[in-house]
Asks: 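Here's a structure for you.
Quick caveat, the model's predicted, so the values are computed rather than measured. Just so it is clear, the values below take in all heavy atoms, side chains as well, and ignore hydrogens, waters and symmetry mates. A, B, ... follow the sequence lines: proteins, then strands. Residue 1 opens every chain.
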Protein chains: 2
Amino acid sequence: MDQEQARAWLATAVAEARTGLAEGGIPIGAALYGPDGTLLGRGHNRRVQDDDPSMHAETAAFRAAGRQRTYRGTTMVTTLSPCWYCSGLVRQFGISRVVIGEAVTFRGGHDWLAGHGVEIVLLEDPGCVELMRAFIENDPALWNEDIGE
Amino acid sequence: MDQEQARAWLATAVAEARTGLAEGGIPIGAALYGPDGTLLGRGHNRRVQDDDPSMHAETAAFRAAGRQRTYRGTTMVTTLSPCWYCSGLVRQFGISRVVIGEAVTFRGGHDWLAGHGVEIVLLEDPGCVELMRAFIENDPALWNEDIGE
């Protein structure tokens, strides 16, 4: 896909991550875009805010998009490489593409997704790296809790 | 694990599935048990009830259990073989064991989990098969929506 488009969509996910950080939460954001570029849903990790371990950024964006008949042609945009939970979501529902802010601070299941036909656009955005690096340094216990380590 | 124990835990997941069916929803239930046999959380698919595609039975049970520091030694019990989304959940959070009611009407990612060290107990319970078979026959479109097909 067009890199300029990918970066524009990533900005939505970054805004979600920053909202999460401002709420005292884990700074990971995501957005689900339709085949025609319509924003279907956006969200951020809500472990701290809602005491809800099931709401990762990607699952929050997926939930916000509501019930969809098909995910063919949709793009999940996330500030961080998707963990196995969120990679499984992408595979199960047939989301066609994942745009990833960075995979430096955490490497999830995006290679597995690529091997199953999902288009992966890895931007390695320095702003996303810095956001996670500062968070992990500041609260490693919370981060480990969120990824089950 | 002990088959009698597995069947006793499965009954909790089946009760959840039946509650979901009575609510007009998709009849899949799950429960998360701690290493000492404590029930940590239970739930059922809530796609129809809450218009929430992110709440599969396993994610609902996981959410109901709240924030946990570790999932080592826990068991996810589910009436149906876990889809990729729910299998990813199990892998990411290091849930140690999955007890499955049946994998006849749907086969998810439990072989993949076994390959990654998760203990799989597949009961092939006729009551679970019948529950899903009747549901799928009655509303195939809803079932396909729930698994992204």
Side-chain angles (χ1 to χ4, degrees), chain A residues 25-26 30 32 40-41 43 45-72 74 76 81-96 106 108-110 112-113 115-116 118 141-142 144-149, chain B residues 25-26 30 32 40-41 43 45-72 74 76 81-96 106 108-110 112-113 115-116 118 141-142 144-149:
Chain A
I26 297 169
L32 185 68
L40 301 175
N45 187 299
R46 305 198 61 82
R47 173 177 295 270
V48 172
Q49 297 91 322
D50 297 348
D51 266 330
D52 184 350
S54 78
M55 279 299 124
H56 274 195
E58 295 90 332
T59 52
F62 179 79
R63 179 172 67 171
R67 290 171 62 177
Q68 302 279 335
R69 189 56 205 86
T70 178
Y71 293 88
R72 193 173 303 157
T74 62
M76 180 65 82
S81 174
C83 78
W84 287 114
Y85 173 42
C86 298
S87 295
L89 176 87
V90 168
R91 180 170 175 188
Q92 185 63 46
F93 290 97
I95 292 170
S96 298
F106 175 80
H110 66 264
W112 178 71
L113 288 175
H116 286 96
V118 178
L142 177 58
N144 285 333
E145 181 190 318
D146 197 56
I147 52 173
E149 278 181 9
Chain B
I26 296 168
L32 185 67
L40 301 174
N45 188 300
R46 305 199 59 83
R47 173 176 296 270
V48 172
Q49 295 92 322
D50 297 347
D51 266 331
D52 184 351
S54 77
M55 279 300 123
H56 275 194
E58 296 90 332
T59 52
F62 178 79
R63 179 172 67 171
R67 290 171 62 179
Q68 302 279 337
R69 187 58 203 86
T70 178
Y71 293 88
R72 192 171 305 156
T74 62
M76 179 66 81
S81 175
C83 79
W84 287 115
Y85 173 40
C86 298
S87 294
L89 176 87
V90 168
R91 180 170 174 187
Q92 185 63 46
F93 290 97
I95 292 168
S96 299
F106 175 80
H110 67 262
W112 178 72
L113 288 175
H116 285 96
V118 179
L142 177 58
N144 285 333
E145 181 190 318
D146 197 56
I147 50 172
E149 278 182 8

Asks: Could you state the interatomic distance from NE2 (B/His56) to CG (A/Leu89), rounded to the nearest 0.5 Å?
Replies: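 Between B/His56 NE2 and A/Leu89 CG, I get 8.5 Å after rounding to 0.5 Å.
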
Asks: For A/Asp51 and B/Arg67, work out which heavy atoms get closest and say how close.
Replies: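 Minimum heavy-atom separation between A/Asp51 and B/Arg67: OD1-CD, 3.2 Å.
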
Asks: Check each atom of A/Ser87 against the heavy atoms of chain B and say whether the ones under 4.5 Å are side chain, backbone, both or neither.
Replies: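 It is neither, since no heavy atom gets under 4.5 Å.
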
Asks: Under 4.5 Å, counting heavy-atom pairs only, tell me which of A/Cys83, A/Ala60, A/Cys86 racks up the most with chain B.
Replies: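 Result: the option with the highest number of such pairs is A/Cys83.
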
Asks: Would you confirm whether A/Gln92, through its side chain, and B/Gly148, through its main-chain N or O, come within 3.5 Å as a donor-acceptor pair?
Replies: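 Pair absent, no side-chain N/O of A/Gln92 close to backbone of B/Gly148.
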
Asks: Which answer fits B/Thr70, side chain, backbone, both or neither, if we ask what part of it has an atom under 4.5 Å from a heavy atom of chain A?
Replies: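 It is neither, since no heavy atom gets under 4.5 Å.
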
Asks: Check the orientation of B/Tyr85 and A/Phe93. Use parallel for under 30°, tilted for 30 to 60°, and perpendicular for over 60°.
Replies: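 B/Tyr85 vs A/Phe93 ring planes: perpendicular.
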
Asks: Over all heavy atoms of both residues, which pair between B/Gly66 and A/Pro53 is shortest? Give the atoms and the distance, please.
Replies: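 Nearest heavy atoms, B/Gly66 then A/Pro53: O-CG, 3.5 Å.
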
Asks: Are B/Trp84 and A/Trp112, when compared by the centres of their aromatic rings, separated by less than 6.0 Å?
Replies: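 Centroid separation for B/Trp84 and A/Trp112: below 6.0 Å.
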
Asks: Report which part of B/Ala141 has an atom under 4.5 Å of a heavy atom belonging to chain A: side chain, backbone, both, or neither.
Replies: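 Just the backbone, heavy atoms under 4.5 Å.
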
Asks: Sequence neighbours excluded, which residues qualify as salt bridge (charged side-chain N to carboxylate O under 4.0 Å, His left out) partners of A/Arg47?
Replies: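 For A/Arg47 the salt bridge (charged side-chain N to carboxylate O under 4.0 Å, His left out) partners, ignoring immediate neighbours, are A/Glu145, A/Asp146.
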
Asks: For A/Ala64, which atoms come within 4.5 Å of any heavy atom of chain B: side chain, backbone, both, or neither?
Replies: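 Contact with chain B involves no heavy atom of A/Ala64 at all.
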
Asks: If every non-hydrogen atom of A/Arg69 is compared with every non-hydrogen atom of B/Asn144, which pair is closest and at what distance?
Replies: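 Result for this residue pair: NH2-CB, 3.7 Å.
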
Asks: Under 4.5 Å, counting heavy-atom pairs only, tell me which of A/Arg63, A/Glu149, A/Arg91 racks up the most with chain B.
Replies: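 That would be A/Arg91.
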
Asks: Where on A/Phe62 is there a heavy atom nearer than 4.5 Å to chain B: the side chain, the backbone, both, or neither?
Replies: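 Both backbone and side chain of A/Phe62 come within 4.5 Å of chain B.
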
